[in-house]
Amino acid sequence: PDAAHKLDVLRDHCGNEGRDYDEIEKTATLAVDPTTGPGPILEQLRELHELGFGVVYLIVPAVETLTPLEMLGASVVPEIARWQPA
(Lines give C-alpha, C1' and ligand atoms only; values in the text may rest on other atoms or scores of the structure.)
Protein backbone atom coordinates (compact mmCIF):
# COMPACT_ATOMS: atom_id res chain seq x y z
CA PRO A 1 0.00 0.00 0.00
CA ASP A 2 2.90 2.41 0.50
CA ALA A 3 4.69 1.55 -2.74
CA ALA A 4 3.90 4.91 -4.38
CA HIS A 5 5.33 6.75 -1.39
CA LYS A 6 8.47 4.63 -1.41
CA LEU A 7 8.99 5.36 -5.09
CA ASP A 8 8.60 9.09 -4.37
CA VAL A 9 11.29 8.81 -1.68
CA LEU A 10 13.55 6.96 -4.12
CA ARG A 11 12.92 9.63 -6.76
CA ASP A 12 13.89 12.36 -4.25
CA HIS A 13 17.06 10.52 -3.24
CA CYS A 14 17.99 10.09 -6.89
CA GLY A 15 17.51 13.80 -7.45
CA ASN A 16 19.67 14.65 -4.47
CA GLU A 17 22.43 12.30 -5.57
CA GLY A 18 22.32 13.07 -9.28
CA ARG A 19 21.22 9.53 -10.13
CA ASP A 20 18.83 8.79 -12.99
CA TYR A 21 15.69 7.39 -11.38
CA ASP A 22 14.61 5.71 -14.62
CA GLU A 23 17.80 3.63 -14.77
CA ILE A 24 16.87 1.82 -11.55
CA GLU A 25 14.88 -1.41 -11.96
CA LYS A 26 11.93 -1.29 -9.58
CA THR A 27 11.00 -4.67 -8.11
CA ALA A 28 8.28 -5.77 -5.71
CA THR A 29 6.97 -8.91 -4.06
CA LEU A 30 3.28 -9.72 -3.96
CA ALA A 31 1.57 -12.47 -2.00
CA VAL A 32 -1.31 -13.84 -4.05
CA ASP A 33 -4.15 -16.24 -3.44
CA PRO A 34 -4.64 -18.06 -6.74
CA THR A 35 -8.01 -19.39 -5.57
CA THR A 36 -9.45 -15.87 -6.08
CA GLY A 37 -8.96 -16.24 -9.83
CA PRO A 38 -6.95 -14.08 -12.19
CA GLY A 39 -8.98 -10.85 -11.85
CA PRO A 40 -7.78 -9.64 -8.43
CA ILE A 41 -4.20 -10.72 -9.18
CA LEU A 42 -4.19 -8.83 -12.46
CA GLU A 43 -5.60 -5.73 -10.73
CA GLN A 44 -2.77 -5.75 -8.20
CA LEU A 45 -0.17 -6.37 -10.88
CA ARG A 46 -1.61 -3.57 -13.03
CA GLU A 47 -1.36 -1.13 -10.11
CA LEU A 48 2.28 -2.02 -9.56
CA HIS A 49 2.99 -1.82 -13.29
CA GLU A 50 1.43 1.63 -13.52
CA LEU A 51 3.56 2.80 -10.60
CA GLY A 52 6.65 1.80 -12.58
CA PHE A 53 7.54 -1.63 -11.25
CA GLY A 54 9.11 -3.75 -13.96
CA VAL A 55 9.51 -6.96 -11.96
CA VAL A 56 7.11 -8.48 -9.44
CA TYR A 57 7.89 -11.71 -7.63
CA LEU A 58 4.71 -13.59 -6.74
CA ILE A 59 4.52 -15.43 -3.45
CA VAL A 60 2.06 -18.29 -3.77
CA PRO A 61 1.04 -20.18 -0.64
CA ALA A 62 1.67 -23.89 -0.43
CA VAL A 63 -0.62 -25.61 -2.87
CA GLU A 64 -1.51 -29.26 -2.97
CA THR A 65 -2.22 -29.44 -6.69
CA LEU A 66 -0.87 -27.67 -9.75
CA THR A 67 -4.27 -26.16 -10.60
CA PRO A 68 -3.59 -22.73 -9.01
CA LEU A 69 -0.23 -22.50 -10.70
CA GLU A 70 -1.76 -23.60 -14.00
CA MET A 71 -4.29 -20.77 -13.67
CA LEU A 72 -1.47 -18.27 -13.19
CA GLY A 73 0.33 -19.64 -16.23
CA ALA A 74 -2.76 -19.77 -18.41
CA SER A 75 -4.55 -16.56 -17.38
CA VAL A 76 -2.12 -14.15 -15.73
CA VAL A 77 1.16 -14.61 -17.57
CA PRO A 78 -0.28 -14.18 -21.12
CA GLU A 79 -2.09 -11.00 -20.06
CA ILE A 80 0.89 -9.29 -18.45
CA ALA A 81 3.14 -10.37 -21.34
CA ARG A 82 1.18 -7.94 -23.52
CA TRP A 83 1.81 -4.94 -21.25
CA GLN A 84 4.36 -2.37 -22.35
CA PRO A 85 7.48 -2.12 -20.18
CA ALA A 86 7.11 0.23 -17.23
Side-chain angles (χ1 to χ4, degrees):
D2 56 344
H5 171 72
K6 289 181 178 185
L7 290 176
D8 288 339
V9 170
L10 175 62
R11 190 176 285 108
D12 289 343
H13 284 306
C14 287
N16 293 337
E17 297 298 321
R19 175 86 192 261
D20 185 351
Y21 171 83
D22 293 324
E23 288 184 357
I24 298 173
E25 182 178 60
K26 286 76 167 183
T27 63
T29 57
L30 178 65
V32 297
D33 179 359
T35 63
T36 63
I41 296 168
L42 285 167
E43 286 177 31
Q44 291 177 299
L45 290 172
R46 173 63 73 183
E47 289 174 16
L48 291 169
H49 176 73
E50 289 175 356
L51 285 172
F53 287 92
V55 175
V56 178
Y57 297 98
L58 297 182
I59 301 170
V60 182
V63 292
E64 295 181 15
T65 68
L66 289 179
T67 304
L69 299 178
E70 290 170 339
M71 180 277 299
L72 290 171
S75 301
V76 175
V77 172
E79 174 66 23
I80 62 175
R82 290 191 288 267
W83 297 352
Q84 296 298 314

Verify same cluster id: W83, I41 (apolar side-chain graph, 4.5 Å):
yes

Same cluster (ILVMFWY, side-chain, under 4.5 Å), L51 and V9:
no

I80, M71: one ILVMFWY side-chain cluster at the under-4.5 Å cut-off?
yes

Separation between CD of Q44 and CG of L58, rounded to the nearest 0.5 Å:
9.5 Å

L66 and V60: same hydrophobic cluster, using ILVMFWY side-chain contacts below 4.5 Å?
yes

What is the minimum heavy-atom distance between G73 and V77, and which atoms define it?
O-CB, 3.9 Å

Can you list the residues that meet the side chain to side chain donor-acceptor pair (under 3.5 Å) rule with E50, with sequence neighbours excluded?
none

4.5 Å side-chain heavy-atom contact, L72 and P68
no

Which donor-acceptor pairs under 3.5 Å do side chains of residues 24-38 form with protein atoms, sequence neighbours excluded?
unit_1, atom_1, unit_2, atom_2, d
K26, NZ, Y21, O, 2.7
K26, NZ, I24, O, 2.8
D33, OD1, T35, N, 3.0
D33, OD1, T35, OG1, 2.5
D33, OD2, T35, OG1, 3.1
T36, OG1, D33, O, 2.8

Contacts of type side chain to side chain donor-acceptor pair (under 3.5 Å), residue D12, not counting sequence neighbours
none

Main-chain N/O of R19 paired with H13 side-chain donor or acceptor, under 3.5 Å
no

Taking all non-hydrogen atoms of both residues, which atom of H49 and which atom of Q84 are closest, and how far apart?
CE1-O, 2.6 Å

